[in-house]
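Structure, as structure tokens:
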Protein chains: 2
Amino acid sequence: MDPQQLRTFVAVVDHRSFSAAAQALGYTQSAVSQHVASLETDLEAPLLTRRPVAPTEAGERLLEHARPLLLRLDAARADVARLRQVRPGRLAVACTPGTLTPATALALVRARSAAPQLAVSVRVCGRTEAVQSVLTGGADLALVDGAVAATDPLPLPDAGPLTAFPISEEPLAVLLPAAHPLVGRPTLRLADLAVARWIDAADAAVPLAELRAAAQSDGFGHQLTYTGTDVRGLSVLVAAGAGLTTAALSAAGDLPGVVAVPISEPRIVHRTELLHPRTPTTPAAELAATLRSAQSPR
Amino acid sequence: MDPQQLRTFVAVVDHRSFSAAAQALGYTQSAVSQHVASLETDLEAPLLTRRPVAPTEAGERLLEHARPLLLRLDAARADVARLRQVRPGRLAVACTPGTLTPATALALVRARSAAPQLAVSVRVCGRTEAVQSVLTGGADLALVDGAVAATDPLPLPDAGPLTAFPISEEPLAVLLPAAHPLVGRPTLRLADLAVARWIDAADAAVPLAELRAAAQSDGFGHQLTYTGTDVRGLSVLVAAGAGLTTAALSAAGDLPGVVAVPISEPRIVHRTELLHPRTPTTPAAELAATLRSAQSPR
DNA sequence: CATCCAGTATCAGCAATACTGATACTCATG
DNA sequence: CATGAGTATCAGTATTGCTGATACTGGATG
């Protein structure tokens with residue numbers, strides 16, 4: 001099971017085509033066909049149906065392992081590479097939308113002015129992508145948020161050694177349209193909202209799967225899937241009555257047309273965590289120190 | 001980064017020798033040397049010091065990834081292979097010493113008599129090995145125990161999809177020699193014992209690292225490391241005053257010369273969990289069902 | 001300090017492999 | 001049934017990966 005072949009296999013599944021995968025990888029179609037055939041004879045199982053190209057049951061199993069394997073291979077390379085370059089001229093931060101608060105923004109500005117020649121970059125993306133960026137060296141630091149029980153850490157994929165540190169913690173709130181009948185309530189219970197219409201915005205808010213896990217409920221049958229990291233756009237949908245979503249309690253203040261009501265039950269918090277490799281670059285370590293000491297402003 | 005080369009690299013580190021690794025892997029020493037050289041040029045970093053052979057800093061980093069990678073590769077192969085053989089003539093159980101209780105033993109006996117032609121095997125080993133066995137297909141089922149906060153699951157390496165289910169939960173107890181001054185106490189606080197002499201028996205009892213994590217303490221400077229899975233031998237050492245260790249409260253009844261005193265603080269439990277692949281073999285699923293329904297006898 | 005030796009690096013040669021390019025095949029579509 | 005987009009197969013070639021022989025090197029020994 002050559003990683004090259006696994007990478008080809010994943011590309012074929014993603015492109016749903018041998019020839020498209022070949023083009024994407026810079027191989028000939030013949031090579032791709034041979035890679036897949038080699039995997040199939042090695043594992044003694046058909047991995048793909050052809051025409052249409054789709055993973056078989058065995059292929060699905062392999063996929064569950066192939067993606068993490070390839071990620072970890074990249075992470076390994078990045079981890080070794082980091083040893084050779086401890087003081088780069090850049091500071092790349094990957095963060096999920098919910099983590100960009102006045103406090104974190106201020107820390108970034110300070111880091112910027114403390115080292116003016118530093119190329120500081122901020123990328124807003126989904127949690128998975130942010131974690132992967134730090135693992136594979138695309139970013140030096142990540143800020144990710146999520147909703148979990150107060151004592152639990154955020155669930156992260158285990159693809160390598162990562163240092164995690166809680167930066168801020170505040171109540172989790174439901175975002176309601178301003179005209180919603182529940183707006184007056186001081187708090188809400190999540191279980192009472194399980195049957196409401198929700199928007200599943202995995203990259204812009206807390207994924208519904210996480211709420212389901214935290215509430216230990218089977219509800220949250222979502223009505224609408226929202227792809228992207230634009231919180232503003234999400235709030236417009238909420239205001240228009242497309243469905244509910246969640247956010248940190250303080251995050252709703254500047255969003256028009258929506259009202260945030262804290263969740264009292266179950267005991268869930270919205271937590272932001274700082275992630276970095278075990279040996280961060282010097283500017284990353286400094287920013288991390290700032291963020292750690294600043295902590296939550298409220 | 002060819003997995004073959006990673007495997008070679010790991011073998012060299014383990015054997016602390018190129019030639020010994022070559023012999024173990026069935027290669028020539030020349031091939032091993034070339035594997036390592038290839039990795040080093042690929043990663044642009046020296047991975048090993050020669051004479052004595054030891055991993056460099058970069059080598060240590062790579063090792064952190066190489067072992068999990070190789071494990072997951074095996075797990076992937078095993079996961080696909082399992083699809084082809086859902087009803088084997090065997091039932092292999094890997095378990096840690098603390099999980100062999102009357103209840104689990106009884107379930108095994110029942111499984112045995114329910115399917116007399118089944119080759120039932122039980123292997124007692126450390127937790128890591130038990131988990132690896134299930135992942136790589138060496139075992140169909142695993143029983144592992146550990147000490148964690150009541151709401152947390154046991155910490156397991158994330159090398160593939162595994163189903164975990166709590167089987168029994170009971171107070172965690174400290175094993176004291178019968179003559180120990182604290183024997184009379186109804187309960188003990190772990191923090192008060194942080195400075196005591198401990199035996200770190202990672203494969204026969206709860207690893208001290210886990211206690212340290214649970215107690216959020218830096219103590220437990222152990223005096224003695226105990227390798228192996230023989231609980232009886234461990235209890236003899238405890239009785240002789242070599243140090244303390246922990247066990248499930250009920251486990252000390254049949255051990256001579258030692259007394260178990262439950263821990264009241266912090267709120268830790270001794271939990272046994274059942275592990276199996278997402279699609280267990282038929283006999284494994286039946287045994288799992290028995291164990292789940294039996295639950296804790298006390 | 002010279003010698004020795006266990007162990008690692010290097011090199012040439014050969015066998016196996018991993019691509020490409022051409023071509024045969026095969027299923028879905030009109 | 002004809003067509004075409006897409007996959008499988010095959011021969012040929014460049015590359016890789018291993019072995020066996022040999023050169024090299026650092027640490028132990030007297």
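Please read these numbers as outputs of a predicted model, since none were measured by experiment.
- Between A/P52 and A/A31, the residue whose closest nucleotide on DNA chain C is further toward the 5' end is A/A31.
- B/T41 places a side-chain N or O within donor-acceptor distance of the main-chain N or O of B/A37, the cut-off being under 3.5 Å.
- When the P atom of D/dG26 is taken as reference, atom CZ of B/R16 falls 22 Å away, rounded to whole Å.
- Place A/D2 and B/S33 on DNA chain C by their nearest nucleotides, and B/S33 ends up nearer the 5' end.
- As judged by a 4.0 angstrom heavy-atom cut-off over every strand, A/S17 is placed among residues touching the sugar-phosphate backbone only.
- Not a single donor-acceptor pair, N or O on each side, falls under 3.5 Å between the base of C/dT8 and the side chain of B/Q34.
- The separation between A/H35 atom NE2 and D/dT7 atom C1' is 16 Å, rounded to whole Å.
- Side-chain to base pairing of B/S30 with D/dG20: one donor and one acceptor N or O lie within less than 3.5 Å of each other.
- If you check every strand for non-hydrogen atoms under 4.0 Å, A/V53 touches sugar and phosphate atoms only.
- Side-chain N/O atoms of B/R51 and base N/O atoms of D/dT25 include a donor-acceptor pair closer than 3.5 Å.
- A donor and an acceptor atom sit less than 3.5 Å apart, one in the side chain of A/Q29 and one in the base of D/dA8.
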Inset, instruction - Using the side-chain hydrogen bond (donor to acceptor under 3.5 Å, both in side chains) rule, take A/R123 and A/S133 through it: C-alpha gap first, then chi angles, then the decisive distance, then the call. - result: CA-CA 10 Å; A/R123 190 162 103 253; A/S133 295; 2.8 Å; yes
